[in-house]
Amino acid sequence: MGNAIHWFRRDLRISDNSALQLAARRGDGVVGVFVIDDRWFPAHTGKMGAFQAQFWLESLRALSAELERHHVPLRIVRSSDPVKAVVDLAHKVGATLITFNKDYDPDQLAMDRRLERTAKTNGIEAVALKDAVIFEEFEVLTGTNSTYTVFSPYKRAWLAKFQPAHAAVSGPPRVSRRYPMVSDPVPAGESLGYPKVTLPVPIGEAGGAAMLEEFAKHRIGFYKKDRDYPALNGVSKLSSHLSAGTVSIRQCVRAAIAQGALRGCGGAEHWLSELIWREFYKMVIFHFPHTVRSAFQQRYDHLQWSSAENLVTAWKQARTGYPIVDAAMRQLQTTGLMHNRLRMIAAMFLTKDLDTDWRIGERHFMQALMDYDQASNVGGWQWSAGTGTDAAPYFRIMNPILQGQRYDPDGVFVKSMLPELSNVPAKFVHEPWMMPSELQREYRCIIGSDYPAPIVDHNEAREAAIKKFQM
Ligand SMILES: Cc1cc2nc3c(=O)[nH]c(=O)nc-3n(C[C@H](O)[C@H](O)[C@H](O)COP(=O)(O)OP(=O)(O)OC[C@H]3O[C@@H](n4cnc5c(N)ncnc54)[C@H](O)[C@@H]3O)c2cc1C
């Protein structure tokens, strides 16, 4: 045998980690490596944002401590060529095996193919395992062996194929002999140019496990009923953990099943369905890599977007004058997260009301979200823009006033994010410009000075968007 390298990417945990287990089984000693990819991390690249960078770096620090307890040193390498960094390390420690868990995003897939080729020419075996999903690219296909492009039949086929054994969970790896190497310190976000932020959820494997346990024990039963109301604590907030791999998909699916997801228990069943959405988008991005840059439905590639800079800036800065949109964008700015219902509202507002190219919004979310995941983000944006798989039909455009009134009827969420509206009564909270001037004075919310007037007229923008899609 020889030593093994495990390349950590979106799997920052020691438990239930498929490829790490393999490295421990096959290697004499195991060395972990995490590459701080210069093309992603330093703040100035404009790719990974402050919330996600801090979540990852803090989780990495916790991972390093756990790995130490399991006799695995962790190297942290800064490089713009991860493949070279990993293969160089393999040479250094005399590794005959490199393991990593599979990713389905096109750029990462290309890098993984390169790693496999480079390792081979260097006489090193590279093995990639399924870990991030229950079923991967060719496991859930239609009767004619093609890819599902609509969610509901995909979900039916997924559920028909699923056996509880697919969600079997393994423990931490057993490494018999520690490779004599000192773990590297994990850099602070500040050293990579990031401002320090306050994270809204606990980090690392322990944080993810505690959140999953709390959600499954106390709240999953209410998920179906509460999930659309941003003022309620109705969702799991586990997306940053699923994206960094500090919790495994099998742990989540197992928890959902234990709460009755396969026995028709509404909340758990619905939550499992959301986990399947995540998997659906991973399969879509694998089979249709063009969707990262262009419309899934290619007939919409010709659409011209005006993408006016002043409107896009107002949207990013939570100054559109539509409270539910601004509260959503304020939540993103201040927490690195945004409730799912609000993501749909904010994304639809940018693409339809502000006639802005969905890629501009997708990129902004990439830089701002703590749970950024390319497949789900591209999927969510194309859905909202009406250009994606299963997309919202182009004529079904969310009305930000009605959405606010329906999902935040008393304005509790909006007020929690926009204190400038805190005195405005519920009747006006989603359309404060309708207040006569004496009420604006009484509630200390003068439109145009304390809070902006709407930057576009929703009804006019809606008609223009429908016309554009019909052309
Ligand atoms: C425009 C837009 C952009 C999005 N960008 C991302 C992103 O970058 N990263 C990301 O993880 N999710 C993204 N989503 C999906 C969804 O909004 C988040 O996964 C969800 O809000 C996370 O909150 P939660 O963990 O409390 O989810 P819960 O409601 O508790 O759901 C559990 C898990 O299921 C998965 N999930 C839930 N809804 C979806 C969905 N619609 N699509 C795919 N997976 C889902 C997530 O992994 C989530 O953590 C986006 C949605 C839209 C409309």
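Every number for a ligand or one of its atoms is a count from 1 in the order of the listing. One is the number of the first residue; the rest follow in order along the sequence. Quick caveat: nothing in here was measured; it's all calculated off a predicted structure.
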Where's the contact between [X] and ligand 1, heavy-atom distance under 4.0 Å: side chain, backbone, both or neither?
X: Phe280; value: neither
X: Phe215; value: neither
X: Leu337; value: neither

Does Arg227 have a heavy atom less than 4.0 Å from any atom of ligand 1? no
Answer yes if the side chains of [X] and [Y] hold a donor-acceptor pair under 3.5 Å, and no otherwise.
X: Asn101; Y: Asn17; result: yes
X: Tyr451; Y: Asp326; result: yes
X: Asn399; Y: Gln403; result: no
X: His6; Y: Asp11; result: yes
X: Ser15; Y: Glu205; result: yes

What protein heavy atom sits nearest [atom], and how far away is it?
atom: atom 29 (O) of ligand 1; result: Tyr223 OH, 2.5 Å
atom: atom 15 (C) of ligand 1; result: Asn340 OD1, 4.0 Å
atom: atom 8 (O) of ligand 1; result: Asp373 N, 3.1 Å
atom: atom 26 (O) of ligand 1; result: Lys237 N, 2.6 Å
atom: atom 5 (N) of ligand 1; result: Asn377 OD1, 2.9 Å
atom: atom 39 (C) of ligand 1; result: Glu274 OE1, 3.7 Å
atom: atom 51 (C) of ligand 1; result: Arg343 CD, 3.7 Å
atom: atom 12 (N) of ligand 1; result: Ser376 CB, 3.6 Å

Who gets closest to [atom] by heavy atom: [options]?
atom: atom 32 (C) of ligand 1; options: Trp277, Tyr372, Trp271, Tyr281; result: Trp271
atom: atom 19 (O) of ligand 1; options: Gly361, Ser239, Gly379; result: Ser239
atom: atom 46 (C) of ligand 1; options: Val378, Asp371, Leu242; result: Leu242

Asp408 with Arg341: basic N within carboxylate O range, under 4.0 Å: no
Distance from Thr246 atom OG1 to His241 atom NE2, nearest 0.5 Å? 4.5 Å
Can you tell me how far apart SG (Cys265) and NE2 (His270) are? Round to the nearest 0.5 Å. 14.5 Å
Check ligand 1 against Leu238 and write out every atom of the ligand that is under 4.0 Å from a heavy-atom position of the residue. 25 (O), 49 (O)
Can you name the atoms of ligand 1, numbered from 1 with element, that are less than 4.0 Å from a heavy atom of Leu369? 5 (N), 7 (C), 8 (O)
Identify the heavy atoms of [X] and [Y] that sit nearest to each other, and give their distance.
X: Pro42; Y: Arg78; result: CG-NH2, 3.7 Å
X: Val235; Y: Arg219; result: O-NH1, 2.9 Å
X: Phe162; Y: Val253; result: CZ-CG1, 3.8 Å

Side chain or backbone, does Phe365 bring an N or O within less than 3.5 Å of an N or O on ligand 1? no
What I want to know is whether Ser236 and ligand 1 share at least one N or O pair that is separated by under 3.5 angstrom. yes
